[in-house]
Amino acid sequence: MSREKEQLQLLGKETQYASDYDPSLLETFQNQHPDNDYWVQFNCPEFTTLCPITGQPDFAEIKILYMPADRMVESKSLKLYLFSFRNHGDFHEDCVNVIMKDLVRLMQPKYIEVVGLFLPRGGISIYPYANYGQPGTKYEEMARQRLMSHQIIQP
């Protein structure tokens with residue numbers, strides 16, 4: 001077993017689910033192609049959180065799209081992290097921004113964007129979008145351009 005695999009704590013082990021939001025669940029591994037610009041996309045169609053006011057459940061598909069730099073997020077840890085929102089009360093916009101900021105802190109990706117496609121509750125859907133590009137790089141300009149030209153993705 002390689003040293004890298006030994007450092008991963010969750011992969012291949014019995015799954016334990018957090019009872020509330022827990023960014024410490026996130027794990028990374030070394031990107032084998034840090035000099036290449038390429039996309040990695042995760043879709044979480046079963047994301048749930050709670051309304052911070054009413055406590056009612058909110059359901060969404062969370063889409064994460066990023067260009068890795070040196071580190072990449074391990075998918076099982078991401079799944080458990082996203083599941084940790086299950087009993088957490090936060091507004092839709094906050095969830096999307098928190099997810100993005102946690103992943104930026106974790107990986108320092110070249111570029112990342114997160115969108116939440118929340119199902120209607122009370123007759124209205126909310127689709128928050130957040131993105132980030134490494135400051136002082138072409139990815140910062142890319143983030144600005146993608147944000148300014150962003151169009152809501154229809155589910």
Out of curiosity, [X] [atom1] to [Y] [atom2], how far, rounded to the nearest 0.5 Å?
X	Y	atom1	atom2	value
Arg105	Met100	CZ	CE	9.5 Å
Leu82	Cys44	CG	SG	5.0 Å
Phe29	Met72	CZ	CE	4.5 Å
Thr137	Tyr111	OG1	OH	11.5 Å

Quiz prompt | Criterion side-chain contact (heavy atoms from CB on, under 4.5 Å) against Ile99, the qualifying member of Leu78, Ile112, Val114 | solution = Val114
Practice problem: Could you identify which residues cluster with Ile53, counting Ile, Leu, Val, Met, Phe, Trp and Tyr as linked when any side-chain heavy atoms lie under 4.5 Å apart, either directly or through a chain of such contacts? | Solution: Phe91
Quiz item: Got a sec, which hydrophobics cluster with Met148, joining ILVMFWY side chains under 4.5 Å apart, including via others?
Solution: none
Hey, are [Y] and [X] close enough side-chain-wise for a donor-acceptor pair under 3.5 Å?
X	Y	answer
Gln41	Asn43	yes
Asn31	Tyr38	yes
Tyr81	Asp102	yes

Counting C-beta onward and ignoring hydrogens, is there a side-chain heavy-atom pair between [X] and [Y] closer than 4.5 Å?
X	Y	result
Phe42	Lys63	no
Phe83	Phe47	no
Met67	Met142	yes
Leu103	Tyr66	no

To check you understand the geometry: which heavy-atom pair defines the closest contact between [X] and [Y], and what is its length?
X	Y	result
Leu117	Tyr127	CA-CD2, 3.5 Å
Val104	Pro109	CA-CD, 3.8 Å
Ala18	Leu25	CB-CD1, 3.9 Å
Pro68	Lys110	O-CE, 3.3 Å

According to side-chain contact (heavy atoms from CB on, under 4.5 Å), who are the partners of [X], at least two apart in sequence or on a separate chain?
X	result
Asp70	Gln30, Pro34
Ile124	none
Glu140	Pro135, Arg144

Quiz item: Relative to each other, are the rings of Phe118 and His92 parallel, tilted or perpendicular (30° and 60° limits)?
Solution: parallel
Exercise. For His88, enumerate each residue passing the ring-ring contact (aromatic ring centres under 6.0 Å, His included) test, keeping only those at least two apart in sequence or located in another chain.
Key: Tyr21, Phe85
Quiz item: CZ of Arg86: more than 12 outside heavy atoms within 6.0 angstrom?
Solution: no
Quiz item: Can you tell me if CD on Glu46 sees more than 12 non-hydrogen neighbours from other groups inside 6.0 Å?
Solution: no
Quiz item: Do you reckon Ile126 sits in the same ILVMFWY cluster as Leu50, going by side-chain contacts under 4.5 Å, direct or chained?
Solution: no
Practice problem: Could you please spell out the steps behind the side-chain hydrogen bond (donor to acceptor under 3.5 Å, both in side chains) verdict for Asn131 and Tyr139? | Solution: CA-CA 11 Å; Asn131 74 351; Tyr139 308 105; over 6 Å; no
Practice problem: Answer yes or no: is there a donor N or O on one side and an acceptor on the other, between the side chain of Asn87 and the main chain of Ser19, under 3.5 Å? | Solution: yes
Quiz item: Given the rule in the side-chain contact (heavy atoms from CB on, under 4.5 Å) test, do Val73 and Ser77 qualify, once you have shown the distances and angles that lead to the verdict?
Solution: CA-CA 8 Å; Val73 67; Ser77 76; 4.1 Å; yes
Self-check item: Stepwise side-chain contact (heavy atoms from CB on, under 4.5 Å) test for Thr28 and Leu106
Solution: CA-CA 8 Å; Thr28 65; Leu106 177 75; 3.3 Å; yes
Quiz prompt | SB check Asp94 Lys101 (cutoff 4.0 Å) | solution = no
Quiz item: Given Val115 and Ile62, is the side-chain contact (heavy atoms from CB on, under 4.5 Å) satisfied, shown in steps?
Solution: CA-CA 6 Å; Val115 65; Ile62 299 292; over 6 Å; no
Quiz prompt | Derivation of the side-chain contact (heavy atoms from CB on, under 4.5 Å) call for Gln108 and Tyr132 | solution = CA-CA 10 Å; Gln108 290 300 305; Tyr132 163 89; 4.0 Å; yes
